[in-house]
2 protein chains.
Amino acid sequence: MTVSITDVARVAGVSASTVSRALRGRPGVSDEVRAQIAAVAGQLGYTASRSASSLASGRTFTIGVVAPHIGRWFFGTVLDAAETVFSAAGYDVLLYNLGSPEARKRFFTRLPVRKRVDAVLSLLIPDLEEEEALRSLGVPLATTVGGARDGFTVVGIDDHAGATSAVRHLVNLGHRRIGMISGESEPLHWTTPIARRQGYLDVLAEAGITHDPALEADGGYTVEGGERAMTELLAVSRPPTAVFAQSDEMAMGALRALRRHRLRAPDDVSVIGFDDHELAEVVGLTTIAQPVPAQGAEAARLLLRQLDEPVAEPAPTGHVRMPIRLVLRETTAPPSPRSPL
Amino acid sequence: MTVSITDVARVAGVSASTVSRALRGRPGVSDEVRAQIAAVAGQLGYTASRSASSLASGRTFTIGVVAPHIGRWFFGTVLDAAETVFSAAGYDVLLYNLGSPEARKRFFTRLPVRKRVDAVLSLLIPDLEEEEALRSLGVPLATTVGGARDGFTVVGIDDHAGATSAVRHLVNLGHRRIGMISGESEPLHWTTPIARRQGYLDVLAEAGITHDPALEADGGYTVEGGERAMTELLAVSRPPTAVFAQSDEMAMGALRALRRHRLRAPDDVSVIGFDDHELAEVVGLTTIAQPVPAQGAEAARLLLRQLDEPVAEPAPTGHVRMPIRLVLRETTAPPSPRSPL
DNA sequence: CTGTTAGCGCATTCAG
DNA sequence: CTGAATGCGCTAACAG
């Protein structure tokens, strides 16, 4: 039924090896024969079986991408960009969506990518054990989140610096009661919330503002969570006059909460987000912008480069820092003296 | 280096065939031996090579998912849900992001999924030729967009009905000059824009409103496009008092355009979207809601069911219609008599 | 430049 | 219940 390399060889009147060489552009085939083989292959609708060729060659021409919640804007966008780079280079991508703890556990215990991929791009931060599991794969590794880690090429931003700019902006506007909407680092062992929180704490300290734990609320990095968190912050005895949300999605949830309370940003409460979500501009959200598609594309490129290299040394894992910048829009302003808060 | 089935066999003191049977839960192995083999395999960290097993068995335990722009909310969300179902069932997913015409062409001419997947879920609408190419794969097919098509299981919504509700809502509010922001069906050969447009035209006709082509603008299904389109609509000699955007993302772009023109929805122009994007509520957008994750999950389930079936008959391809509903929020209202338009 | 010979690691007959 | 062959389709030496 399905046409194999020997079919092509027979019709073209050559051997299977010649067909293999010809179709993969390897040297050692006369142009004439090569053209003829290409013609026959096209006519027969031949495509090499990936299973067979990877079994024989050891290469899979497939990249594994591990991500938490591809439905979220940040990860979806990174994945989109990375996939584009990979497929343009002739690689397929195997996607593992590890949103739930169960999915994550299943993945790391069974490690389905073993022997199936030439490299892995992780959009989530592995814990120590998971990190080791990935390294045991023996393939190039990259990630777009978290800090430097052994054996990984990391392309990311300086979360601490981003949070610092955000909070300092609020301080510069004159705010003293500054709340934060964050997300738990568990169960995903995520370091981003930790780094961003540290930035928040550091700026408060440098501004001589005593930290009030009541002004921190968990928004779980979702819109709904952000709304709940803002609602909580509005309910404390002395609510904040400004809020730093660790992601734009939570910031937008916060804006929704404000609207529900008949309050407005920045008149009643200033809000600053993080990411520069594609819809941030629609709602006029001031935020810390980071180049999201660029991170995915760059990580993909670095991974491919390692694959192309003559399989030398202990892999030239690098650490690329992408630029971030404060994007001023309409949800931050000096605290209003007539603020009802 | 890498441990193979024969290594396990040797250590366990049995043959490779027994290991194969034992590990895959096939009958014909005593519980005792099976347990011992499992222990050895675990200890050695053995995982069967997918390439080898699929070469030998013909099954790949992999599903191909073809999508345009995974970065877009709708597709990312569908993919997320589908992947969750697939991986829970032990299948891996190979992702093909066909956002650009080149990527799309490359995919359909080379058909990299051939012999690599057990089924394909397409989130884009193939044209006739592409449809045929997919059918030639000889595997179960499903899609979450477009109408019924031969050989495909389709899980979707009634786009025409959705558009009809949206526009009828505007008519019921008293609007007569109703614009539409749509997207081209090319180059993705997408039927959604066509069906939604037809709903628009039909309602206008039933309401006795003559269709004015000047009130239609292309928003390319993106936020920026929606903004441009709204800007165009505001520039016609008699601008619309209400606009139906074929997607929430375009609707949000339209809202941004209004803000830039110091206009407001619904005071100056009513806006209704389509999808019920996760951020639609944040901006108070009235829209037509459709169950997005449910579509991905259901399509995945139906595909798996076909795979489980004893490979009988011409595949029980079905057509599931998901419910849609009008979600009233704050961007639509009767036309204002004091409207500056 | 091209054909021949061996596997790659596993699933499947078919015997026992 | 288990083991010994055989082949999946291809690539990689090795000869010519």
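Letters go in sequence order (proteins before strands), and every chain restarts at 1.
- Atom CG of B:D7 and atom P of C:dC10 are 9 Å apart (whole Å).
- Between A:K115 atom NZ and C:dG9 atom P the separation is 8 Å, expressed in whole Å.
- Listed nucleotides: C:dG3, C:dC10, D:dT2. Nearest to the side chain of A:R21: C:dG3.
- Closest to the A:S17 side chain, of the nucleotides D:dC10, C:dC10, C:dT5, is C:dT5.
- Closest approach to the A:A48 side chain among D:dC10, D:dC1, D:dG9 is made by D:dC10 (side chain taken as heavy atoms from C-beta onward).
- A donor-acceptor contact under 3.5 Å is not formed by the side chain of B:S57 with the base of C:dT12.
- One finds a side-chain N or O of A:S20 lying less than 4.0 angstrom from the OP1 or OP2 phosphate oxygen of D:dT11.
- Atom P of nucleotide D:dC1 and atom CZ of B:R34 are separated by 9 Å, given to the nearest angstrom.
- When the nucleotides D:dT2, C:dT2, D:dG7 are ranked by their closest atom to the side chain of B:A56, D:dG7 comes out on top.
- Between B:R26 and C:dT12 there is a side-chain N or O to OP1 or OP2 distance below 4.0 Å.
- The side chain of A:R50 places no N or O atom within less than 4.0 Å of a non-bridging phosphate oxygen (OP1 or OP2) of D:dT11.
- Considering only the side chain of A:S30, C:dT2 comes nearest among C:dT2, C:dG9, D:dG3.
- With hydrogens and angles ignored, the 3.5 Å screen pairs a side-chain donor or acceptor of A:E83 with a backbone N or O of B:N97.
- Taking both residues in full, the closest heavy atoms of B:A133 and B:F108 are given as CB-CD2, 4.2 Å, listed atom of the first, atom of the second, then distance.
- Considering CG of B:L123 and OG1 of B:T77, their distance stands at 11.0 Å, rounded to 0.5 Å.
- In this structure, the CD1 atom of B:I5 is 14 Å from the P atom of D:dA4, given to the nearest Å.
- When distances are taken from the side chain of B:T18 to each of D:dG3, C:dC10, C:dG3, the shortest belongs to D:dG3.
- Between C:dG3 and A:S15, a contact under 4.0 Å exists linking OP1 or OP2 to a side-chain N or O.
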> After noting the C-alpha distance and the side-chain angles of A:K105 and A:E102, does the key distance pass the salt bridge (Lys or Arg N to Asp or Glu O under 4.0 Å) rule?
Replying inline: CA-CA 5 Å; A:K105 184 168 179 194; A:E102 307 82 63; over 6 Å; no

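- In this structure, A:L55 places its CG atom 12 Å from C1' of D:dG7, rounding to the nearest Å.
- With B:F75 as the aromatic partner, B:R72 does not meet the cation-pi criteria of under 6.0 angstrom to the ring centre and within 45 degrees of the ring axis.
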